[in-house]
Every structure is written in C-alpha cells, then in structure tokens.
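First the proteins, then the strands, lettered A, B, ... as listed; each starts at 1.
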Amino acid sequence: DSGVTQTPKHLITATGQRVTLRCSPRSGDLSVYWYQQSLDQGLQFLIQYYNGEERAKGNILERFSAQQFPDLHSELNLSSLELGDSALYFCASSVGNGTSAGEETQYFGPGTRLLVL
Amino acid sequence: GQNIDQPTEMTATEGAIVQINCTYQTSGFNGLFWYQQHAGEAPTFLSYNVLDGLEEKGRFSSFLSRSKGYSYLLLKELQMKDSASYLCAVPSNDYKLSFGAGTTVTVRA
C-alpha cells in the first residue's frame, strides 16, 4: 500500500459524459501527478500539481482538467468522453521539495479503471 | 523530450537471472527510475540511479552508464511473483517523468 488513495476504483459511463476522478496523496506529500495508461500507449503523463499550483503539463487533452485543493487532494475531470478515453488513470504523489527536475520518487495509487461505452 | 527504449517482452525460468536493458536520450540527465507493475495494478518503485555503476537491492540490481545513455535492471533468483512489467523512467528538467513502454517479464516454472 503506497498511501495514495484513488476513488472510484471502477467507472463505467457513456460517450459524451463527464466524470471526476479523485486522489488523496500520501501524508505530507505536496506534489500530485496524473497519468493515463491504455493498452496501446503505455503510461502517459498528464499533469502535475504542487501545493495547489499547476507545475507541469503533459499530453493532456483540452477536454480534461485537474485541480489540487487546499487539503492537497486532487481531482481529474474528464468531459465529452470518447471511447478512446477508456484507460487506467493513475494518480501519484511525491514529497515535492525537489528541484526543477522530476527526480523525486513518485508513489502511485491503485488507479481508476474507466470504461467508456 | 525523452526517448526511452526497452524490449517488449522477456521470458525466463524460475530461479534464473534476467537482465532488462533500457536506453535513453535526454536533454538533461536527472537520474533514472525503474518501476515494477503487475497487470492491472499500480507501478511500484524499485530503484533510482543518478550516478554510474551498479546498485544492489536484494534480488534486484540496477546499473547506469550516463555516458552511454544506458541502464539495466537485473533480476536474480527469479520467482513466479516477479512476472510483471518493468518500466524504465527518466525525469526531465520540466518536472516531468517519462516512462518507457515497459518490458513484460514472464517467469516459467
């Protein structure tokens, strides 16, 4: 158990819908990362937050957005869902006191499996 | 950005040794991570190398050569539970961590 929690574990929805995925980082961690993992794409970095502020952005679609709240939990919002959005979505956290590089060890939550029908 | 290459699949026998290679190209080196991921589960941290050489941690060891842009993960005394995907990951100067596609290791009895 990494200490990172994610809800829900599974989500089934229809195309065009909107969902919210939730993540609570390890106690004391200030940085939260979101990743998408599909069968044909591997683990893709979406976005990172540090202490409430967006710090880095990866290949995140405009239909997707995220935020980190004052209590440090984070939410990933996926809207206008398409079949291709079906994937495992992981949240990870790290201490957050590193330099500009992503050299901090990231600890991953169990993921949310999203199925868009 | 990062360009990370690792073999897609490897198969080995229980009790044997397997070496998973990873080559990378990066604009600024900040270390290299190895993660283990069982099917449908979260990646779990195995090792982080920032200096050249071999680091041993029980049955798993990780090697890095910065001049060659090369790393390997060595799994010794393979057990059935080691069947998983092994991901090589390289951080960049813009807070991002780029993962390789992963090497699926199958351990056979």
>> Given Tyr86(B), which partner from the list Gln6(B), Gln37(B), Gln36(B) fulfils the side-chain hydrogen bond (donor to acceptor under 3.5 Å, both in side chains) test?
In response: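 Of the listed residues Gln6(B), Gln37(B), Gln36(B), the side-chain hydrogen bond (donor to acceptor under 3.5 Å, both in side chains) partner of Tyr86(B) is Gln36(B).
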>> Using the rule given for side-chain contact (heavy atoms from CB on, under 4.5 Å), can you reason through Cys22(B) versus Asp5(B), listing the C-alpha separation, both sets of side-chain angles and the distance that settles it, and then say yes or no?
In response: CA-CA 6 Å; Cys22(B) 171; Asp5(B) 192 36; over 6 Å; no
> Which atoms of Leu87(B) come close to chain A, meaning under 4.5 Å heavy atom to heavy atom: side chain ones, backbone ones, both, or neither?
Replying inline: side chain
> Hey, which residues of residues 40-64 of chain B are touching chain A, say heavy atoms under 4.5 Å apart?
Replying inline: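 Residues Gly40(B), Glu41(B), Ala42(B), Pro43(B), Phe45(B), Tyr48(B) are the ones that qualify, each having a heavy atom under 4.5 Å from chain A.
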> Side chain, backbone, both or neither: which part of Gln44(A) has a heavy atom under 4.5 Å from chain B?
Replying inline: neither
>> Check for me whether the distance between the ring centres of Phe99(B) and Phe33(B) falls short of 6.0 Å.
In response: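 Not close enough - the centres of the two rings lie 6.0 Å or further apart.
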> Centroid-to-centroid, Phe108(A) to Tyr35(A), below 6.0 Å?
Replying inline: yes
> Distance-only, no hydrogens or angles: does the Glu75(A) side chain make a donor-acceptor pair with backbone N or O of Ala66(A) under 3.5 Å?
Replying inline: no
> Same cluster or not: are Leu61(A) and Leu76(A) linked, directly or through other Ile, Leu, Val, Met, Phe, Trp or Tyr residues, by side-chain heavy atoms under 4.5 angstrom apart?
Replying inline: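 Both belong to a single hydrophobic cluster.
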> When hydrophobic residues are tied together by side-chain contacts of less than 4.5 Å, even through go-betweens, does Leu88(A) share a cluster with Val4(A)?
Replying inline: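 Different hydrophobic clusters.
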